[in-house]
Every structure is written in structure tokens, then in C-alpha cells.
Amino acid sequence: MDIRAADLVDKLAGEHALALDDYEYLVEHLDEEVRDLLAEHARAAREPIYGHDVFVRGLIEFSSFCKNDCYYCGLRASNASCERYRLTAGQILACADRGYELGFRTFVLQSGEDPRFTDERLCAIVRALKEAHPDCAVTLSVGERTRESYARLREAGADRYLLRHETATPEHYARLHPAGMSWEHRMQCLRDLRELGYAVGAGFMVGSPFQTSADLACDLLFIQEFQPEMCGIGPFVPHHATPFANEPAGTLEQTLGLLSIIRLIKPNILLPATTALGTIADNGRELGMEAGANVVMPNLSPGDVRAKYLLYDNKICTGDEAAESLLSLKERLARAGYAVVTSRGDPRIA
Ligand code: SAM
Ligand code: SF4
């Protein structure tokens with residue numbers, strides 16, 4: 001095994017921090033032996049905090065309309081072939097009711113940046129959801145908004161916010177987004193969300209076009225410094241109707257190695273095994289858990305719209321990815337040694 005990489009893994013496991021060039025070295029030396037060592041330490045770091053518990057969140061993808069034009073995403077405004085839909089408040093609440101019956105106690109409301117969901121409308125939905133299910137947490141993932149908007153939504157009852165930083169390097173950000181979108185603004189949004197008292201989720205795609213090991217090292221240093229409560233990472237997967245249609249997908253191996261590193265940076269972080277990971281590998285979820293992940297987000301959206309929320313080609317939305325299959329997901333993860341936890345109750349994840 002590469003001696004320096006092994007030393008860096010030990011150091012990270014002990015100190016939960018590395019210097020930028022050490023992260024870069026580690027990212028460049030994520031061979032099988034190093035990944036195994038990282039995963040072993042990641043599981044050991046997770047064990048005293050979470051045991052073998054895996055938390056589930058019910059994902060409600062409520063609008064496929066988006067005003068932005070991120071080069072990598074199938075929902076981008078310029079994609080004329082994307083089938084657009086928008087759930088009504090009633091439909092969103094019905095999804096949550098169904099999720100509640102199934103045992104979900106955290107709901108993630110996600111969408112493209114859809115201007116029709118004004119503060120007023122979104123706040124009313126959050127309020128109604130919290131009123132119907134006061135024992136549940138509401139996570140929003142609706143992109144960049146003003147600080148005032150985030151404040152109103154927080155006041156309406158939203159507990160957490162997922163906003164991947166996408167990349168911690170402005171130069172890389174500029175290659176993934178059109179000129180009108182700003183890295184500085186995205187980072188400011190994350191700081192605003194933190195200051196407003198949300199539990200905040202950052203994150204990035206693994207293997208996105210033009211990404212270098214130096215970029216990934218910056219992502220890891222950002223996670224180390226910002227200390228988000230959650231971190232969503234998954235492989236980039238191309239979508240046929242985007243400028244990145246012919247770019248290769250991120251790899252399973254690199255994603256798993258990075259999951260372990262993130263677990264070691266912040267042992268109590270909430271770390272999902274994402275849909276994208278399940279899309280590139282059948283047993284992606286289990287492998288994610290073995291690498292240090294501890295969250296899964298099954299899809300609670302109405303069946304007839306699921307295929308329309310197509311961020312990338314072949315995105316899975318059936319089988320154990322579907323919320324109705326919670327029992328089968330539980331059995332599957334139990335076989336891998338994990339216990340699915342649906343109730344909130346635990347202040348560490350509140
Ligand atoms: N619109 C909101 C936003 O951008 O924050 C929330 C929804 S957006 C679809 C959620 C995440 O999907 C993005 O942060 C991005 O990292 C991820 N995503 C988009 N296109 C992807 C692709 N082609 N492969 C993998 N992940 C992708
Ligand atoms: Fe819109 Fe989010 Fe997709 Fe960007 S990643 S195009 S903001 S849905």
C-alpha cells in the first residue's frame with residue numbers, strides 16, 4: 001500500500017482534518033487498499049455515534065420546472081424535451097400523508113428553481129405539513145433564494161436545507177454553470193442558511209466534467225471548514241439532452257472513497273447513499289453504507305411524475321428506490337447488517 005496515503009488515512013481518522021495538499025494526495029491514491037482502509041476507519045468512526053442505524057427521508061420532487069441552466073442537469077431550462085410538472089399543495093401534502101403512514105418522519109421537498117413557488121406559497125405548504133405532522137422534520141432543497149426568503153421559510157417551520165455547493169472552486173463552478181450563475185452567491189446562501197438556524201446540507205458531484213483532484217481536495221477542505229450537518233455526494237451521471245451528454249459518469253470507486261473521507265472529517269455527519277450511487281451500481285446503497293454513509297432517501301413523489309424528474313439518464317425511481325418499498329429496503333439493508341430508523345426522536349438528527 002502507498003505509505004504516505006496510509007499515513008494520511010491514519011492522521012485523518014485521528015485528527016479529522018488534513019491540509020489541502022494532503023487531501024489532493026489522498027484523492028489521487030484511492031486504490032482498493034486505501035479505500036478499504038478508509039472504509040474500515042469510517043465504519044469505526046460512525047459506530048459509537050450511530051451504531052448500525054440508517055435514517056430514511058421521504059423525498060418529494062414537487063416541480064420539474066427550473067429557471068436555471070446548469071450544464072449537467074436534465075431539468076435545465078434549455079432542455080425542451082424535459083417533461084415539466086408541478087404538484088399542487090394538496091398533492092404535496094398527500095405525498096407526506098402517505099409517507100407518514102409508511103413510517104417516514106422526515107420529508108425532503110425538492111424541486112428545480114421554480115418561480116411559481118413564491119415564498120407565500122412555499123411557506124403555506126411547509127406550515128400545513130408541520131401542522132399535519134408536528135412530529136416530523138421538513139427539509140427543503142429548492143435552490144438559491146434570498147436570505148429573507150430563507151428566513152420566512154424557516155419561520156414557517158422548515159428545519160433543514162440541502163444546497164449542494166457543487167464545487168468549492170470558482171473556476172470549476174464557472175465551467176459547470178452559465179455566466180449568470182455565481183459561485184459566490186451559492187456560498188453566501190449556505191452561510192445565510194447556517195446563520196438562520198437551519199441544519200445545512202452541502203455536497204458535490206463526483207467526476208463532474210473538468211473536475212480535478214485539486215478541485216476535490218478543495219471540496220474536502222470546504223467540508224472540513226464549513227462542517228455541514230449533512231453532505232450529499234453522488235457520481236455525476238450524464239443526461240442525453242445537456243451539453244455534457246457525452247461526458248463520462250463519475251465512478252463508484254471514487255464516490256465510495258470520498259464518502260469514507262467525509263465520514264472521517266465529521267464522524268457525526270448525515271451522509272446519504274444517493275440515488276445517483278444506486279443508479280450506477282445495483283448494490284450502490286449497501287456499498288455506500290459500508291463506506292460510511294447512514295442515510296437513504298426513497299422517492300415519495302406520485303408514481304406518474306417520477307420518471308419526469310430526470311436529472312440524468314436511467315435515474316432509478318422504482319424498486320427499493322420507491323418509498324412504497326420501505327419494507328423491502330429495510331430487509332435489504334438488514335441483510336447488510338443495518339437497521340432502518342424512521343422516527344425522528346434523536347436530537348442529533350433533529
Ligand atoms: N434545484 C435545486 C438545486 O440545484 O440545488 C435542487 C434540485 S437539484 C436537481 C439537486 C442536485 O442534483 C444538484 O445539487 C446536483 O448536484 C444534482 N444533479 C443534477 N444533475 C446531475 C447529474 N447529471 N448527475 C448527478 N447529479 C446531478
Ligand atoms: Fe435547476 Fe437544480 Fe438542475 Fe441546476 S441542478 S438546473 S438549479 S434543478
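When a ligand or atom number is given, it counts from 1 through the structure's own listing order. Small disclaimer: the values here were computed from a predicted structure and weren't measured.
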Determine, considering heavy atoms only, which of M181, E166, H239 sits nearest to atom 14 (O) of ligand 1.
-> E166
Taking only Lys NZ, Arg NE, NH1 and NH2, and the carboxylate oxygens of Asp or Glu, determine whether E290 and R35 approach each other closer than 4.0 Å.
-> no
Looking only at protein heavy atoms, what sits closest to atom 4 (O) of ligand 1 is R186 NH2, 3.8 Å
Per the side-chain hydrogen bond (donor to acceptor under 3.5 Å, both in side chains) rule, which among K315, E324, E61 passes with N299?
-> E61
Are any of the protein's heavy atoms under 4.0 angstrom from atom 2 (Fe) of ligand 2, yes or no?
-> no
Can you list the ligand 1 atoms lying under 4.0 Å from a non-hydrogen atom of Y309?
-> 7 (C), 9 (C)
For S111, the atoms of ligand 1 under 4.0 Å from one of its heavy atoms are 1 (N), 2 (C), 6 (C), 7 (C)
If you measure from atom 25 (C) of ligand 1 to every heavy atom of G74, G143, G234, P235, which option wins on shortest distance?
-> P235
May I ask you to check whether over 12 heavy atoms, not counting those of D10, lie within 6.0 Å of atom CG?
-> yes
Atom 8 (S) of ligand 2 sits nearest the protein heavy atom G112 CA, 3.6 Å
For E155, look at atom CD and say whether over 12 heavy atoms of other residues, nucleotides or ligands are found less than 6.0 Å away.
-> no
Atom 20 (N) of ligand 1 sits nearest the protein heavy atom Y72 CD1, 3.4 Å
So, F236 versus Y312, ring centres under 6.0 angstrom or not?
-> no
Are Y150 and Y161 near enough that their ring centres are under 6.0 Å apart?
-> yes
When you measure from atom 4 (Fe) of ligand 2 to every protein heavy atom, which one gives the shortest distance, and what is it?
-> C70 SG, 2.3 Å
Taking both backbone and side chain into account, is any N, O or S atom of C66 nearer than 2.8 Å to atom 1 (Fe) of ligand 2?
-> yes
min-distance protein heavy atom vs atom 10 (C) of ligand 1 -> Q110 NE2, 3.8 Å
Side chain to side chain contact (heavy atoms under 4.5 Å, CB included) partner of M297, chosen from L59, T275, V56 = L59
May I ask you to check whether V237 has an N/O atom sitting below 3.5 Å from an N/O atom of ligand 1?
-> yes
Which of the atoms of ligand 1 are close to S141, meaning less than 4.0 Å from one of its heavy atoms?
-> 6 (C)
Quick one: nearest non-hydrogen protein atom to atom 9 (C) of ligand 1, plus distance?
-> L311 CD2, 3.2 Å
Is the charged tip of R4 near the ring of Y25: under 6.0 Å from the six-membered ring centre and within 45° of its axis?
-> yes
Under-4.0 Å heavy-atom contact with ligand 1, by part of C73 that carries it | both
Is NZ or CZ of R175 both nearer than 6.0 Å to the six-membered ring centre of F210 and within 45° of the ring axis?
-> yes
Closest to atom 21 (C) of ligand 1 among protein heavy atoms sits M205 SD, 3.8 Å
Nearest-contact summary for atom 17 (C) of ligand 1 - protein heavy atom, Å = R164 NH1, 3.8 Å
Is it the case that R194 places NZ or CZ above or below the six-membered ring of F226, under 6.0 angstrom from the centre and within 45 degrees of the axis?
-> yes
Give the numbers and elements of all ligand 2 atoms closer than 4.0 Å to a heavy atom of N68.
-> 7 (S)
Passing option when C189 is tested against H185, M187, R186 for side chain to side chain contact (heavy atoms under 4.5 Å, CB included) | H185
